[in-house]
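Data first, discussion second: the structure below is written as structure tokens.
Values below: all heavy atoms of this structure, side chains included; hydrogens, waters and symmetry mates excluded. Chain identifiers are assigned alphabetically (A, B, ...) following the order of the sequence lines, protein sequences preceding nucleic acid strands; residue numbering begins at 1 within each chain. The model shown is predicted, which means the values in this text are computed figures rather than measured ones.
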Number of protein chains: 2
Amino acid sequence: MSSSHQPHRAGDLLFLKRLNRSTILELVRRTPGLTRADIATQAQLTKATVGGGVQSLLEQGWLCEGELQKSSGGRPGRALHLNEQRFAMLGAEVGVHGLRLVACTPSGRVLESLNERLPLSSPEVAAERLAELLQTLMQSPSLDGYHLLGTGIALPGPVAPEDAILRVAPNLGWREVRFLDLLHAHLPRQDTIWVMENEAKSAAFGELYFRTGSIPASLVYISAGTGIGSGMVEGNRLPLLSRGHQGLAGEIGHTVLQPGGLYCHCGNRGCAETLVSGWSIRAALGINEEEDLIEAIQPRLQEPQVQLTLRRAGEALGALILNLHHTQNPSEIVLGGSLVRLGGPFLEPALAYFRDNQARLLSDSRPVPLRVIEDATLVAARGAAAQVLANVIHGSNELL
Amino acid sequence: MSSSHQPHRAGDLLFLKRLNRSTILELVRRTPGLTRADIATQAQLTKATVGGGVQSLLEQGWLCEGELQKSSGGRPGRALHLNEQRFAMLGAEVGVHGLRLVACTPSGRVLESLNERLPLSSPEVAAERLAELLQTLMQSPSLDGYHLLGTGIALPGPVAPEDAILRVAPNLGWREVRFLDLLHAHLPRQDTIWVMENEAKSAAFGELYFRTGSIPASLVYISAGTGIGSGMVEGNRLPLLSRGHQGLAGEIGHTVLQPGGLYCHCGNRGCAETLVSGWSIRAALGINEEEDLIEAIQPRLQEPQVQLTLRRAGEALGALILNLHHTQNPSEIVLGGSLVRLGGPFLEPALAYFRDNQARLLSDSRPVPLRVIEDATLVAARGAAAQVLANVIHGSNELL
DNA sequence: GTAACTTAGTTTTTTCTTTTTACTAAGTGG
DNA sequence: CCACTTAGTAAAAAGAAAAAACTAAGTTAC
């Protein structure tokens, strides 16, 4: 969301100060254990400036001091870490089959989570229930003493940038929903940050943002569930989400993969979702909406028709991944979503297709890493929480 | 190339000063005729700061003062413009069929251009000839009195970010070419900026960067010629090119559009280029490499086979554009390249496909603007020059 | 015509943040 | 134990933008 459509920020001294504070905090966040001297080197600031900045970040409770580092012939520096006891963010995902909530620390550690199945319902009902669960989560004992920075909401559909409107959620049957407004009817804003973003984009953000050590320059998260979506985040200094003009960036489920192919829900023909998605697999195998897809397929895995369907779907997913490779070319690809649980018969063809074809153009010896997340339950909710933190650290608010 | 892999820049006072100078220059560049007061409002700086910044930019020759604005009940402000007499950038495109060179002013006005056909040749030969032509261009009388900021080179293939290596140029048969090094064997660096980038990405950059007035938040340029490539540029403050991890971002010609389809040059099956590209159309219609594609087709436009081929290719292009819409979702799409000259029989199906299908997901009343560039001869070269200027204004060099 | 008002831009002083410089702290190695 | 190295702090200096006061140059009301 970030909003703030002002193209240029004021370049005053306060801005400079905050920029340096945010730089320091960001460096420690990425590589825990840094000393003041390390920061001075990496940020190209003087020791004095870093010392002052660290001082104020310690006082505000963002950082805490750790052990003395090993010395290499001089006074040892003192390690700095994110303070894990002071601030927390909430994140929630509104999914097709339920609500997932997390509370996590600035390093991404999950303090508490909730997972509730909820049948398909109206935006109003979902918002009311989510508000209740958020209240519950906030009062959880494991959050005692934490100052809550804000709440991020992940939704299964394109969210218009700047507007905080969920444009459409095909699998929920929602359209043009101002979900945050609905939520605030039951839960006060309370001067904290509220972020609302697409589910796959949130997941992508969290997967990159909470990484420490060697951080990929860019990352694509593919969310394969009832529908198929993706999100891309990149940028070295501040991680930026590719949202697109109308929030449609990453809607790979509706890229054409077979011109003149089957009709898709969206009305076009040959969309990727007609080949690979929860709903297309259900349709091909005659599995009811009420049944759990995975549970229904598990006992039928030996049937040739099931195997063929899964292989075809997997190959289509492989082509989709390859297409992302050739349009966005991320440094890393992460695959999550409920379809991952279909396992080898579905995943192997996908991975094989990408593995065999990704080096067609470039004979690059180092293939792009592709990681499969077995349990992606909390990924999107956690990523929504991540965006709250990023908003605080990089945003123009007064919290830092 | 931008390079400078340092993740964080020093936040000292000089940095702040340069940031504000660059902000001022950027604002005037985007909306010529701004007054100091306008800038102060938009940049959220005080009149005094803007006054000082403008002063130094006037002295350095970046800006010049224009007419008095109309007054609305007070002292009229003085319009500021880019100085078009002082600085210039060179840009060149190495294409499959020849070399194109331009010299242009900071506003993008072309001072001089060269266009030379060159048969397919080695990187060394091309570099030597390009060096000669650059020399010629630099000595052109219309560049008298101009200070040259640098030179940008656009190449028909993926360029690795940070490395200045052309990874591969399929239609030239080149691989792993350090083109700038070859060029510098014949032409000294001379303390100016050198930029090397993919051709479609360069074009995209130039199309966005030289725009004034209402500037789209993001733009995709599609280059449809012998092969098909694209480039995306976005970002409000400083325009950022999506390069991708290995420079493969935008290689839409090798996205799979028909799994199990025809074999592509790259070895994979069903790539978009097997359906729409200069080479696939030649193959379908039996047109020799030596003939000019457009000239060969023109007299045969009434043949049903030609019409069918062009329509099929156009529809594939339409699907490609729709796929970009659903993966990148740019605010604007620009279509250029030699295939544009095929005209209606090719373009109409493409535009119709995109027009009819782009609102499937969102019933957005305002469709994404799609502009066709009739004569894209100089677009990539000009865009390469644009990157030089952007490097000066936003980069960390001392020129500002 | 002129005084009141409005807006543009500059000059001067003040404020604030970083750097510079000098210093203290705390380890290693001969 | 003493030189040496590196980490971090403190006080003085430099430099940038802000704030306030000012001049400049138009319009509007009467």
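Between the NZ atom of A:K17 and the CZ atom of A:R21 there is a distance of 5.5 Å, given to the nearest 0.5 Å. For the atom pair CD1 of B:I193 and CG of B:N391, the computed distance is 5.0 Å after rounding to the nearest 0.5 Å. Remark: B:L219 CG to B:S331 OG distance equals 8.0 Å, nearest 0.5 Å.
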> How does each nucleotide of nucleotides 21-29 of chain D score, in 5' to 3' order, for protein heavy atoms under 4.0 Å: base (B), sugar-phosphate only (S), or none (-)?
Replying inline: ---BBBS--

> Could you write nucleotides 10-15 of chain D as a row of B, S and -, 5' to 3', where a protein heavy atom under 4.0 Å of any base atom gives B, of only sugar-phosphate atoms gives S, and otherwise -?
Replying inline: B----B

> Dot-bracket for DNA chain D, 5' to 3', with Watson-Crick and G-U pairs under 3.5 Å, [ ] for crossing pairs and | for other-strand pairs: what is it?
Replying inline: ||||||||||||.|||||||||||||||||

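Looking at B:E162 and B:R243, no side-chain N of the basic residue comes within less than 4.0 Å of a carboxylate O on the acidic one, giving no salt bridge. In summary, A:R36 and A:E65 engage in a salt bridge, as defined by a charged side-chain N under 4.0 Å from a carboxylate O. With salt bridges taken as basic N to acidic carboxylate O contacts below 4.0 Å, one links A:E207 and A:R371.
Residue B:A37 places its side chain closer to C:dG9 than to any other of C:dG9, D:dG8, D:dA17. In this structure, of D:dG8, C:dT18, D:dA17, it is D:dG8 that holds the atom nearest to the side chain of A:R78.
Close to C:dT18, at under 4.0 Å from its OP1 or OP2, lies a side-chain N or O of A:N20. One finds no side-chain N or O of B:T46 lying less than 4.0 angstrom from the OP1 or OP2 phosphate oxygen of D:dA19.
Side-chain contact between B:V392 and B:W62 is present, with at least one heavy-atom pair separated by less than 4.5 Å.
Across the protein-nucleic acid pair, B:R18 atom CZ and D:dA17 atom C1' stand 17 Å apart, rounded to whole Å. Atom-to-atom, CG of A:L63 to P of D:dG8 comes out at 13 Å; the value is rounded to the nearest Å. Regarding B:I39, its CD1 atom lies at a distance of 19 Å from the P atom of C:dT7, rounded to whole Å. The distance from atom CZ of A:F15 to atom C1' of C:dT18 is 15 Å, rounded to the nearest whole Å. In this structure, the CG atom of A:L16 is 12 Å from the P atom of D:dA18, given to the nearest Å. Rounded to whole Å, the distance from CD on B:Q69 to C1' on C:dG9 is 14 Å. Regarding B:R36, its CZ atom lies at a distance of 10 Å from the C1' atom of C:dT10, rounded to whole Å. As a whole-Å value, the separation of B:L19 CG from C:dT17 C1' is 15 Å.
With a 6.0 Å cutoff to the six-membered ring centre and a 45° limit on the axis angle, A:R29 counts as a cation-pi contact of A:Y209. At least one cation-pi condition fails for B:R382 and B:F205: the charged atom is not both under 6.0 angstrom from the six-membered ring centre and inside a 45 degree cone around its axis.
Judged purely by distance below 3.5 Å, without hydrogens or angles, the side chains of A:T41 and A:D38 never pair a donor atom with an acceptor atom.
Heavy atoms of other residues, nucleotides or ligands lying less than 6.0 angstrom from CZ of B:R211 number more than 12.
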>> If you apply the rule side-chain contact (heavy atoms from CB on, under 4.5 Å), what do you find for B:R189 with B:W194, and how did you get there?
In response: CA-CA 8 Å; B:R189 272 203 161 72; B:W194 289 86; 4.2 Å; yes

